[in-house]
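Numbers restart at 1 for each chain; the letters A, B, ... are given by sequence-line order, proteins then strands.
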Protein chains: 2
Amino acid sequence: MDALDGRLIELFAREPRIGVLEASRRLSVARGTVQARLDRLVGDGVIRGFGPEVDPAALGYGVTAFVTLQIRQPGGHDPVAERLARIPEVLEAHTITGGADMLCRIVARSNADLQRVIDGVVAVDGVERASTAISLATQVPYRTLPLVRAATGTG
Amino acid sequence: MDALDGRLIELFAREPRIGVLEASRRLSVARGTVQARLDRLVGDGVIRGFGPEVDPAALGYGVTAFVTLQIRQPGGHDPVAERLARIPEVLEAHTITGGADMLCRIVARSNADLQRVIDGVVAVDGVERASTAISLATQVPYRTLPLVRAATGTG
DNA sequence: CGATATACTGGACAATCTGTATAGCTGCGG
DNA sequence: CCGCAGCTATACAGATTGTCCAGTATATCG
């Protein structure tokens, strides 16, 4: 990861459609270089992929909430996670340190719908207790560019 | 959003590189249809973009933590968010309901480095208190495909 | 110091894809 | 019954991709 990698990622983040050739022009390097760098970044897992980023809100799921769970320990976390994964509205789940055992991000169509989703979560076998915090506003939307810049000494 | 949209998103999520033409072949529809659908999905904001997904862990930031903040109310949330946004390791920040005022996702290079990042967060003017939960494992990685399927009645 | 490996440049090629446009067909709503 | 919207099928020029190659500079190693 050097500065060129950083600029490359930034460029593609800003204008994903430009393609390798145009990118090489913008960065003033040979096309083969861009191609090689990109292949390496993907190969190393730095870039997970170029999939479409779907906005849950545009799909009608305008309510986001963070739910912390307390798990009945005997079973362990994995079986719980496996069942949580079956709920489409559970976008993400982590085991965490601290008072709670897991933290998940869920979405719902409305506050009323949120109740339904939460019911689905607490109905998961092994979940003892759930505590919900609704996201009122996304002050900083998920991003990684500043981190890339920090890591590569770019911009 | 109908089933074709769902299959289209799923296809591009699985193999982002295939291109419009190949996608039209896979879905057995005309190329123009795929192009029109894609344009509409992007136009409607359902698909935010096709930017590279960067893995912070591959960049050396292997530690993820969720920090809940209590904010000194007089200033409001926005100035705090604005300052949090300047910290590259803050990947995301929300204002939330419940005991705490904000929840942010941060990353760091190590547990020791996490201390540095948290110090940076609590140093933000307006932050009264911070409570950190380290992510031990990502049981369900961030995903939206199941939601797309649920919303479109796909597979 | 000399030899080898690595990365980048600049160029070439065929095959493919994109952007864009047209015309005809079909189902739905007025 | 008519018109509109969405889809199919097709066309074409221009651009891009995947893949080579040779030459050069920088770095590494013995």
Can you pull the salt bridge (charged side-chain N to carboxylate O under 4.0 Å, His left out) pairs that have at least one residue in residues 94-104 of chain A, sequence neighbours excluded? none
Kindly state each residue pair satisfying salt bridge (charged side-chain N to carboxylate O under 4.0 Å, His left out) with at least one member in residues 19-33 of chain A, sequence neighbours excluded. A/Glu15-A/Arg26, A/Glu22-A/Arg25, A/Glu22-A/Arg26
Check side chain to side chain contact (heavy atoms under 4.5 Å, CB included) between A/Leu114 and all other residues, then give those that pass, not counting sequence neighbours. A/Val63, A/Ala65, A/Ile106, A/Ala108, A/Ile118, A/Ile134
Side-chain (B/Asp44) to main-chain (B/Val46) donor-acceptor, under 3.5 angstrom: no
side-chain contact (heavy atoms from CB on, under 4.5 Å) between A/Leu59 and B/Met1, worked out: CA-CA 8 Å; A/Leu59 264 139; B/Met1 290 294 300; 3.9 Å; yes
C/dT9 phosphate, OP1 or OP2: any side-chain N/O from A/Thr33 under 4.0 angstrom? yes
Strictly by side-chain hydrogen bond (donor to acceptor under 3.5 Å, both in side chains), give each pair with a member in residues 136-147 of chain B just once, sequence neighbours left out. A/His94-B/Thr138
So which pairs with a foot in residues 122-132 of chain B pass side-chain hydrogen bond (donor to acceptor under 3.5 Å, both in side chains), sequence neighbours left out? B/Arg72-B/Glu128
By a strict heavy-atom criterion of less than 4.0 Å, which residues belonging to residues 39-52 of chain B are in contact with DNA chain C? none
Closest heavy-atom pair and its distance - A/Ile71, A/Gly76: CG2-O, 3.9 Å
I need the single residue from B/Arg116, B/Gln115, B/Arg109 that forms a side chain to side chain donor-acceptor pair (under 3.5 Å) with B/Asp113. Which is it? B/Arg116
Can you list every pair that meets ring pair (Phe, Tyr, Trp, His ring centres under 6.0 Å) and has a residue in residues 1-31 of chain B, with sequence neighbours left out? none
Pairs involving residues 15-63 of chain B, ordered by first then second residue, that meet ring pair (Phe, Tyr, Trp, His ring centres under 6.0 Å) (sequence neighbours left out): none
Along DNA chain D, 5' to 3', what are the outermost nucleotides having an atom less than 4.0 Å from a heavy atom of chain B? D/dC7 to D/dA11
Please round to 10 degrees the angle between the axis of the first five pairs and the axis of the last five pairs in the helix from C/dC1-D/dG30 to C/dG30-D/dC1. 50°
List in chain and number order the residues that pass salt bridge (Lys or Arg N to Asp or Glu O under 4.0 Å) with B/Arg37, two or more places apart in sequence or in another chain; answer none if no residue qualifies. B/Asp2, B/Asp5
Any chance you could list the contact pattern along nucleotides 14-21 of chain C? Use B for base contacts, S for sugar-phosphate-only contacts and - for none, protein heavy atoms under 4.0 Å, 5' to 3'. ---SBBB-
